[in-house]
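For the numbers below, each heavy atom of this structure counts, side chains included, while hydrogens, waters and symmetry mates do not. We name chains A, B, ... by the order of the sequence lines, and we start the count at 1 in each one.
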Amino acid sequence: MKRIYIIFIVLLTLSVSCTKNFEDFNTDEKNPTVVDGEFLFSNAQKELVDQISSTNVNLNIWKLVSQYWTETTYTDEANYDVVNRTIPDNIFDVYYRLVLKPLNESKTLISTRDLFAGETEAQRSNKLLIIDLMEVYTYHNLVNIFGDVPYTDALDVENISPVYDDALTIYKDLITRINADFTGLDASNGSFGSADLIYGGDVAAWKLFANSLKLKIAINLADVDFNYSKTNVEAAVTDGVFTSGADNALFNYQGSTPNTNPLYEDLILSGRKDFVLTNTLVDKLNDLKDPRLNYYLQGTIDFKYLYTNPDGSKKDTTITDVSRWLFYADSTVYKEVPFTIYADDSLNLPSTYLGGDYGYSSAYSSFSHIHDNIQVASFPGILLTYSEIEFYIAEAAARTMSVGQGAQEAYDNAVTASVLYWGGTASEATDYLTGKGDYLLFGTWQEAIGTQAWISFYTRGLVAYNEYRRLDFPVMNEAPDAATGGPVPTRFTYPINEQTLNAVNYAAAAAAIGGDDLLTKLFWDIN
Amino acid sequence: MKKLMLLFAFFSLISLQIYAQKTVTGTVTDDAGKAIPGVSVLVKGTTIGTMSLADGTYSVKVPDGSNVLIFSYMGKETQEITITGNVINVKLMPSSEAIDEVVVTALGISREKKSLGYAVQEVGGDELNRTNNNNVINSISGKVSGVQIRNNTNMGGSSNILMRGSSSLTGNNQVLFVVDGIPVNNMNTNDAGQRSGRSGYDYGNPVSDINPNDIESINVLKGAAATALYGSRAANGVIIVTTKKGQKSKDGGKNISVGVNSSTIFHTMDKSTFPEYQTNYGQGYGPYYSGPLGDEQPSDYWGLYHYDFDGDGVLDYVTPTTEDASIGSHYDPDLMVYQYDAFYPDLPTYMKKSPYVMGANGPDYFFQRGRTLTNSVNISGGTAVSTFRLSYTNTDETGLMPNSTLKKNNVAFNSSYDLLENLTVTVSANYTNNQVVGRNHTGYNENILSSFRQWYNLGVDMAQQEEFYNLTGKNISWNPVDENDLSPIYWDNPYWQRYENYQSDERNRLIGYTQLDWKINSFLNFMGKYSVDHYTTLQEERKAVGSVAGEFGVGRPDVQSGYARTQILFTETNFDAMLKFNKNLTDDINLTALLGTNLRQTSIDQVYASTNGGLAVPGVFALSNSASPMLPPEDSYEKIGVNGMYINASLGYKNMFFIDGTVRRDVSSTLPTDNNAYIYPSVSSSFLFSEVLNQNWLNLGKIRLNYASVGNDAPWSRVEDAYRIVSPFNGNTMIRFPSYKNNPDLKPEISGSIEGGLEMSMFDNRLGFDLALYKTNTIDQVVPLSVSYVTGYSSKFVNIGEVENKGIELMLRGTVVKKKNLSWDITLNWSKNINQVVSLGDDIDNLQLASLQGGVTINAREGEPYGVIQGTDYIYAPDGQKVVGANGYYEKTATSDQVIGSVQPDWNAGITNTIQYKNFTASFLIDMQMGGSIFSLDQWYGMATGLFIETDYTNDLGNPVRDAIYDADGNLLIPYIDLPDHDPADGYGAESGGLILDGVVGEDTNGDGEYDTFTQNTRRMSGGDYRIWGYSKNPNAGFVFDATYVKLREASLGYNLPKSITDKLQLTNANISVVGSNLWIMYKALPHADPEASQGAGNVQGWQSGVFPTARNIGFSINLTF
C-alpha cells in the first residue's frame, strides 16, 4: 500500500504545480492590455477619414447617391439598395465601434493616466478637447445620415438596448460642446503633436476647426430654428473660421498599403472598373463650361451620336440638350447648344466628355472616368475645407445673417478656393465667375449655391448630399430602378442589426422620425 | 519472413502431433475469409484446448470419447462442430450482439457491453474502411445512429460531424476523436473569411491523419454519461478509435504476419451536382449595348455592342466581355461576332470573328478524372512477452480539377513489452506527412465554381481557354475590360488560376505515447501514460502577376498579385494516471473503481505573413519579393491548460444489475482564476431483464438509464480585454479597440442530460435493436453575444442561454437469410434529434451565428431550432398565395429577420445490406437525410445571370420566355424592363415572351394600410431580364431549398480467394474487391448541387456558394495477408 501513497503524492504534486501559472496561459501575450490613449486617437482619426473617403459599396455610397459617379454593371447601390449589402449596419459599425468608442476610450485613458514627462496639464486638456471635437464631427455625420440616433446611451456595453435621442437635441448639444471646446482650447500650449494625423497637434488650427464645424452645424438648422441658427452662425464667424485653403482639415494618406486613401484600394488595387462619371455631373460641368472638368474626370468618348444607322452610314446630328467641349484630333472647341456634328467629320472624329446615365448599366469604356489624380495612393482625405465654409457663409448672407461678407462675395471665394484646390488657376476661376459660373446667372441663391457647392464638394458625397437635401439643388436624375421609386433618398434606413438587437428602441426611433424609410425627411430638411 | 512463418507453423504442428492421440487440424477464418488468431478451440466436455495461430491454423489433440469442438472468440459467434475427420475448417460469424461483447469505453477501459448504462455503438475496421475513404469521418456516415455527418465535397475538405445535435451556441460542436487513448486534434484551421463564405481554402479535418488502414474498430460514445470521464471537451460525444496491434504468441514462440493492401479509386464528377445550363443565350446582361439605349434605332441583337471594331468603316457586333452573365442575345450560328478571343494579339484568333454560338465545351470540360492510389504494408507479430505492429501507407490522389494533388505518407508503430510479469510498457508513434497542392477555392470570391454557378458566359469554349493558356502562358480571360485593356475584370482564365495561383500546404504530424501498466495485485492496477499530439502546418497561397485582384494577405486588401503563408504549430500533451480496482466483493457483487487524473496542455502558435502591394518580380513567390514594404505579420499564441481528477465506481450484481457513478473535477486556465474549478457527476445503470425472464427466444434484453452533468470552460483569453496593434501610420503607433468585450466574471457552462435505452437481441441473435431516448440541456453557455454597434462593440462575452437537444436513436439489425453458403444482414441506423434554443437570456431573443452574402443570417433564435436561416420572405395573401406588387415582381418583407429555414434535419438514416454467398460478399449502404434547409447563393445569383436551364423555357403562349413582349396590337413593348406603364388588362400579343408570376395583386380598398382585396396577377414580365428570377427582385426565401437527400453512399463486391488457391500462392488470405462511394444521389431537392456541400466544417451550415461538385468514386482494392 505504501507504493500507492507514493503514487498519490506524485499525482497531487503534479496537478498542483501545473495549476500555478494558469492565469498566464489565458493572457493574450501577442496583444497589449494597456495602451496610451493617443494611439487609439490616431487610429480613430484614420478610421473616420477612411470611411468618409471610401467608395466601397459596402461602406460609403454617397459618391453615387450625390450622382457624381454611377456604377458600370452592378447598379444596385446607384439605385439606392442599401439593404443588400447592409450598408447602414456597416456605417454604425464604423462610426460607433471604430471611431466613437475608441475616441471615448482615449479620453478616459488620457484623463486618468499620469502626465508624460514634459507634458503639461494644459496640453492634456487640449488633447481631450480635440478628441471631443472629433466626436462632435462624427455624431454630426451620423445624424445627417439617419436622423435620430443613440447619443446619451451610446458607447456603454452594460446597456445593450440604447435609446435613440432626438436629432435636434443632439444638434444643440453638439454646438454646446463645440462652444466649450473652443473656449477651453489653449493655443499657447501644444497637444498631440504628430499623433494628431490631421493638424499635427496645432491647437490654433483646431480652434478654427471648432468654429467652422459650428458654422456648418448651425447653418443646417436655418430652416428649423432660424434665430438659433443665426446666433450660432454669426458667433462662429465672429470667433474665427477658415479663411484660406491653408486651414483645410485634410488627412494626408501615405504611399503604400494599408495607409493609402481607401479610394486607391477601391479603384486601383481592386482592378475593378466599377465606376464612371454620371451624366448628372458631366452635363452640368459641360453646360457651365466649368474649368474643373479637366481635374474631375478624364477619358473622352467618341461622339457616338454620330452613328445613327445600323449599317454604319452616318448622318448629321444636331445636339440640343447640353453644351459640350468637343475634342477633335487637332483642336478643342466649346460648342454652345444647339450645335451640329456633320457626317463629313467622320474622318476627324470629335469626342467629348460623357457621363453614364445615372443608375443605368454603363459600360466602362463608353463613359468618362475618374481622374487619375484622384486615384493616387496619397490623395488626401477631406474633412472640412475653406471652400465649404465660404459656401456656408454665402448661404448665411443670402439668408440675411450678418457674416461680414455678401452672398456673392462669399460664393466667389468659395468657387475660387475650389478651383484652386483642384489644380486650376486664379484666372480660370475669374473667367468662370464672370462667365457661366456667375452667381447672378442662376435663378435663385439656392440654385447658385446648391449647384456650385455640389460641384465643389466633388468626391465628398456625404457633404454634397447634405447640401442637396437642404437647398434642393442641383436637379438630380431619377434612377431607373430606385429603391425609393425614383427620387434620391432623403435619409438612410436604420441598420438591420438594430431591428434585431435593439428592437424596442429602434421601433420608437422609427416612429419618432415618421417612419424608417428612405424617403422620410430629416428634421432639418424642411423644404 | 513468409518461409520463416511456414517453418514455424510446420514445427508447431509436428511438435503437437507427437503427443496427440487423435489430432484435428484446420483453419479458423472470419466471415471475410481472413484468418483469426487466438481463437479458443476447446474439446467439449474437457479442459483440453488450444488457440489458433497467427495464420488461423490450429491443431488439437482429442481424447477418445470426445467428438465435439467448441470454437469461441470475442465478438464472434461460438460454434460447436462435430468431429467428422481430421481437418475441420471453421468460419466464425460475427456475433451481432454477443452477450459477452466487450467494448472500449471512456479512457480506453474495456467493459462488458451488457454492463453499460449508456449507448455505445461499434463499427469494425473492415466495415468502416470498405470503400477506402481517406477521411475517417466520411467513412462513418450512415453507419452509426445519432451521428450526423455532412460529407464535404471539397478536395481534402473538412466534413462536419455532430453527435446528438448541436449543443453549443457558438463553441465547438464537433465530435472528439480519441485514438488509443490520445485525443487527436481536429481543429479547423480555415480562416474567418473562409468560414463566412467570402473566399479561401478548406484545409480539411486534421483527424484525417488517422490512417484508415490502421483502424481495428471505432466505438462511438454518444451521451454525456458515456463521455463524462473525458471531461468537458467530450461534451459533443467521443469516437474512440482502436488501432490494430500485434498479437502475443500463446505458445512461447514468435508469430509474425505481413499484410499488403493496394487500392485504386477513380473519381469522376457527379453531374447531378453540377449546373445544367441553358443553351440559347449569350454573354451579357440584356439590351444595354446597342438598341434602345445606345443607337437611335433598335437592332436585332441588342445584347451585343454595335460599333466599328476593326476600323473598316462597317459596324461590327462585339460581345460585352465585361459581363459575367448569360442573358444576352439569342445565339445565331449565322451571325459572326467579335468575341473575347479577338481581343488578344497573342492568339491566332486575334481580330477574327466567330459564330455567335454556345461554347462547344462547357465548364464541365474543366473537370478531369481523378484517382487515388493507396498502398499499404504492415508487419505485426509478437512473442510471449511482447507485441509489435509496424505499418506504412502511401496515398496519392489527384483531384477533379487540373493541378490538384493530395499525397500522404503514414508510418505507424506500436509495441508492448512485459518488463516484469506484472509490468508492461507500451509505446506508440504515428507519423503523418500530408502534402496538398491545389485545393479548390471555396466561397464567393475568386472561386471558379462561383463563376460556373453564378457568373459565367456560356459562350466560352472551355477547351479553348485551356488551349489559350497553354499557348501563351498568359491569363487569357474571357472577361477582359475591353480591347484596349486586356486585364481580366472579374474572372481569371480558369487554367491560369489552377496553374499560377495555386495554393499548397503541408502538415507534418507526430502522435505518440508511452504507457506503463502495473498490476499491483490481483485487484489493483495502475496505469500511467504520457501522450503528445504535435504538428506543424505550412499553408502557402499564391497570386501571380496578371490576375484579377482579390482579397489577399495581411489585412485582406485587394491586390493583383502576392504570396502569403501561414504557419501553425500545434502541441497537445496529456498526462494520465489511473488506479483501477476490480474485485468481487461477494459471489454476487462485483466492484470496479477508478481514481485518476488527467493533465492537459494545448498550445497553438500561428503566424500569417504576406507580401504587400503585390509581387516585385513576377513568378517568385517569396516574402522577400514584396512590392511594397511588408506589413507586420499577424501572430497569435494561445495556450490552454486543464487539470482534471476523477473517480468512478461500478457495482455489478449477479451479472444482471449494474450501477455506475463518476465524479470529475476540472480546473481550466480559460476561466477567471477565482472561479476556474467545476465538478460534475454522472450516474448510469443497466438491468438485464433477460436474465429474469429467461426465455429461449430472447438472447439479450436490457434497459438502461443514466443521468450526467458536464461542465465546460470558456474559449481562450475571454477574461481580460486586449487591444489590437495595427500597422503604424507615418511613424505613429496605431491601436485598434477590440471588437469583443471580454468578461472577468465568466463561469463554467453546464449541461445536464438524461438518457434511457432498451436493447434486445432475439431469435438466436438474428434480430436485434438498440433504442435510445435522450434529452440534453446546456445552460449558461459562454457566448459572444452580438450587441448593437452603438455600444462600441460588436459582441460581448456572457454566460447565457439554454439549448435543448432531445431525440431518438434506433439501431435495428436483422439476419434475413442465414444458410451455409448464403447470408443476408440488414442494419438500419435511424436517428431524430429535436433541437431547440430554449432561451437566450433576458435581453435578447436572437443570437446571430453568421451574416452571409445575400443578406441571410444563420441564427440561434429563442424558441427555434439551432441554426435557423433568416432573411427576407415573400408577402403572403391570407390564402397562402404570394403577393405580386404593382411593378410585376413579388413583394418581399421589409426586414431580413424572417425565419425562412433551418439547418437541422428532421432525421437521418443509414441502411446497410450485406450479402454473403460462398466467397463473395456484397454490401451497400444507403444514407439519407430528411429535411433541413439550405440557402443557395448559387441559385440566388445564377438564376439572375441566366445560366440555368430553368431560365429558358417555352412560356404559356408557346414562345421562348426570354422573347420580347408585345401589346395586343402587336406593338413591341420595350423588351427589357418591367412594364408598369402597360395596363395588363389591355392584354398582350400572342407572340409575346415573358412570364406572369404566379400570385395575387393586393389592394387596400378601405385605406387601413393593409391589403384586403386580392386579384390574380396578370402582369407579364420579361424573361430576358436579370431581375425576374434572381437576387434582385426576389426575397431570400425563394432560394431556400430542402436539404433532403437519399444517397447510395457505398457499395462493394468482394471475393475471397479460396484456400486452395491461397495455399498455392503461399498466402494466408487474399481478397479482391470492387468498391464505390458516393455512387448515386437517388433523391435530392436542391438543383445543380449536392445538398451536403458546404464551405467546410463548423457551426455555419445551411448556406452554399460556389460549392464543389461531388466526386463519384469507383475502384478496386486488393488485400493480401502472408
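- A heavy-atom distance below 4.5 Å is not found between the side chains of B:Asp558 and B:Phe552.
- Neither the backbone nor the side chain of A:Leu100 comes within less than 4.5 Å of any heavy atom in chain B.
- Each of A:Tyr253, A:Phe39, A:Tyr95 has some count of heavy-atom pairs under 4.5 Å with chain B, and the biggest count is that of A:Phe39.
- Taking the side chain as every heavy atom from C-beta outward, A:Val94 and A:Val99 approach each other to under 4.5 Å.
- In terms of modelled atom types and a separation under 3.5 Å, the side chain of B:Asn859 and the main chain of B:Thr857 share a donor-acceptor contact.
- Note: B:Tyr317 and B:His306 have parallel aromatic rings, judged against thresholds of 30 and 60 degrees for the angle between ring planes.
- If you measure heavy-atom distances from A:Asn497 to chain B, the contacts under 4.5 Å come from the side chain alone.
- For A:Asn252, the part lying near chain B is the backbone, with the side chain staying farther off; criterion is any non-hydrogen pair under 4.5 Å.
- The aromatic ring centres of B:Tyr1026 and B:Tyr285 sit less than 6.0 Å apart.
- Among the candidates B:Ser739, B:Ser487, B:Gly855, the residue making the largest number of heavy-atom pairs closer than 4.5 Å to chain A is B:Ser739.
- Listed for the A:Thr75 side chain is no donor-acceptor partner under 3.5 Å among the backbone atoms of A:Ser361.
- Side-chain contact between A:Tyr96 and A:Pro150: present, with at least one pair of heavy atoms (C-beta onward) separated by less than 4.5 Å.
- Ranking A:Ser256, A:Gly271, A:Ala154, A:Ser270 against chain B, the residue ahead of the rest is A:Ser270, based on heavy-atom pairs under 4.5 Å.
- Contact of B:Ile640 with chain A is made through the backbone alone, with heavy-atom distances under 4.5 Å.
- Note on B:Pro488, B:Ser794, B:Pro629: by heavy-atom pairs under 4.5 Å with chain A, the leading option is B:Ser794.
- Using a 4.5 Å cut-off on side-chain heavy atoms (C-beta onward), B:Ser727 and B:Pro632 make contact.
- Formation of a donor-acceptor pair under 3.5 Å by the A:Asn79 side chain with backbone atoms of A:Asp81 is not found in this model.
- Between chain B and the residues A:Asp76, A:Ile496, A:Asp93, the most heavy-atom pairs under 4.5 angstrom are made by A:Asp93.
- If you measure heavy-atom distances from A:Leu98 to chain B, the contacts under 4.5 Å come from the side chain alone.
- Neither the backbone nor the side chain of A:Asp266 comes within less than 4.5 Å of any heavy atom of chain B.
- For B:Asp576 (side chain) and B:Gly528 (main-chain N/O), no donor-acceptor pair under 3.5 Å exists by modelled atom type.
- Using a 4.5 Å cut-off between heavy atoms, A:Val83 touches chain B through its side chain atoms alone.
- With chain A as partner, the option from B:Ile725, B:Asp897, B:Leu785 having the largest number of non-hydrogen pairs under 4.5 angstrom is B:Ile725.
- Aromatic ring centres of A:Tyr494 and A:Tyr164: separated by under 6.0 Å.
- Per-residue counts of heavy-atom pairs under 4.5 Å with chain B were compared for A:Asn84, A:Leu197, A:Asp89; the largest is that of A:Leu197.
- A:Glu158 touches chain B through backbone and side chain together, each having a heavy atom under 4.5 Å away.
- When heavy atoms are compared at a cutoff of 4.5 Å, B:Asn732 approaches chain A solely by way of its side chain, counted from C-beta outward.
- Contacts of A:Tyr364 with chain B are made by side-chain atoms alone, with heavy-atom separations under 4.5 Å and no backbone atom involved.
- Neither the backbone nor the side chain of B:Leu847 comes within contact range of chain A; no heavy atom of the residue lies under 4.5 Å from a heavy atom of that chain.
- Only the backbone of A:Asp156 comes within contact range of chain B, with at least one heavy atom under 4.5 Å from a heavy atom of that chain.
- Looking at B:Glu638, there are no atoms closer than 4.5 Å to chain A (heavy atoms on both sides), in backbone or side chain.
- Only the side chain of B:Ser628 has a heavy atom closer than 4.5 Å to any heavy atom of chain A.
- Ring centroids of B:Tyr490 and A:Tyr74 are separated by less than 6.0 Å, placing the two rings close together.
- Although no hydrogens or angles enter the test, the distance criterion places no donor-acceptor pair under 3.5 Å between the side chain of B:Ser786 and the main chain of B:Ser795.
- Using a 4.5 Å cut-off between heavy atoms, B:Val642 contacts chain A through its backbone alone, with no side-chain atom that close.
- A side-chain N or O of A:Asn58 and one of A:Asn56 form a donor-acceptor pair less than 3.5 Å apart.
- For B:Pro672, no part lies under 4.5 angstrom from a heavy atom of chain A.
- For B:Val548, no part lies near chain A; criterion is any non-hydrogen pair under 4.5 Å.
- Among the candidates B:Asp482, B:Asp635, B:Val559, the residue making the largest number of heavy-atom pairs closer than 4.5 Å to chain A is B:Asp635.
- The candidate from B:Ser788, B:Gly550, B:Ser669 with the greatest count of non-hydrogen atom pairs under 4.5 Å with chain A is B:Ser669.
- Chosen from A:Asp24, A:Val34, A:Asp28, the residue pairing most often with chain B at heavy-atom distances under 4.5 Å is A:Asp28.
- We find that A:Glu29 and B:Lys639 are not joined by a salt bridge, their nearest charged nitrogen and carboxylate oxygen being 4.0 Å or further apart.
- Heavy atoms closer than 4.5 Å to chain B are found in both the backbone and the side chain of A:Leu269.
- Only the side chain of A:Pro162 comes within less than 4.5 Å of a heavy atom of chain B; its backbone N, CA, C and O stay farther away.
- Counting heavy-atom pairs closer than 4.5 Å to chain B, the top-ranked of the candidates A:Asp274, A:Ile160, A:Thr27 is A:Ile160.
- Using a 4.5 Å cut-off between heavy atoms, B:Thr673 contacts chain A through its side chain alone, with no backbone atom that close.
- Side-chain contact check for B:Asp721 versus A:Thr33: every heavy-atom pair is 4.5 Å or farther apart.
- If you take CD on A:Glu265 and CG on A:Asp50, they are separated by 8.0 Å, rounding to the nearest 0.5 Å.
- Taking the six-membered ring for Trp and the full ring otherwise, B:Phe737 and B:Tyr793 have centroids separated by under 6.0 Å.
- For A:Thr257, the parts lying near chain B are the backbone and the side chain together; criterion is any non-hydrogen pair under 4.5 Å.
- Of the atoms belonging to A:Ser42, heavy atoms from both backbone and side chain fall under 4.5 Å from chain B.
- Between the side chains of B:Asn676 and B:Ser668, no donor-acceptor pair is found at a separation under 3.5 Å.
- Interface check for chain A: of the options B:Arg724, B:Gln853, B:Glu551, the most heavy-atom pairs under 4.5 Å are formed by B:Arg724.
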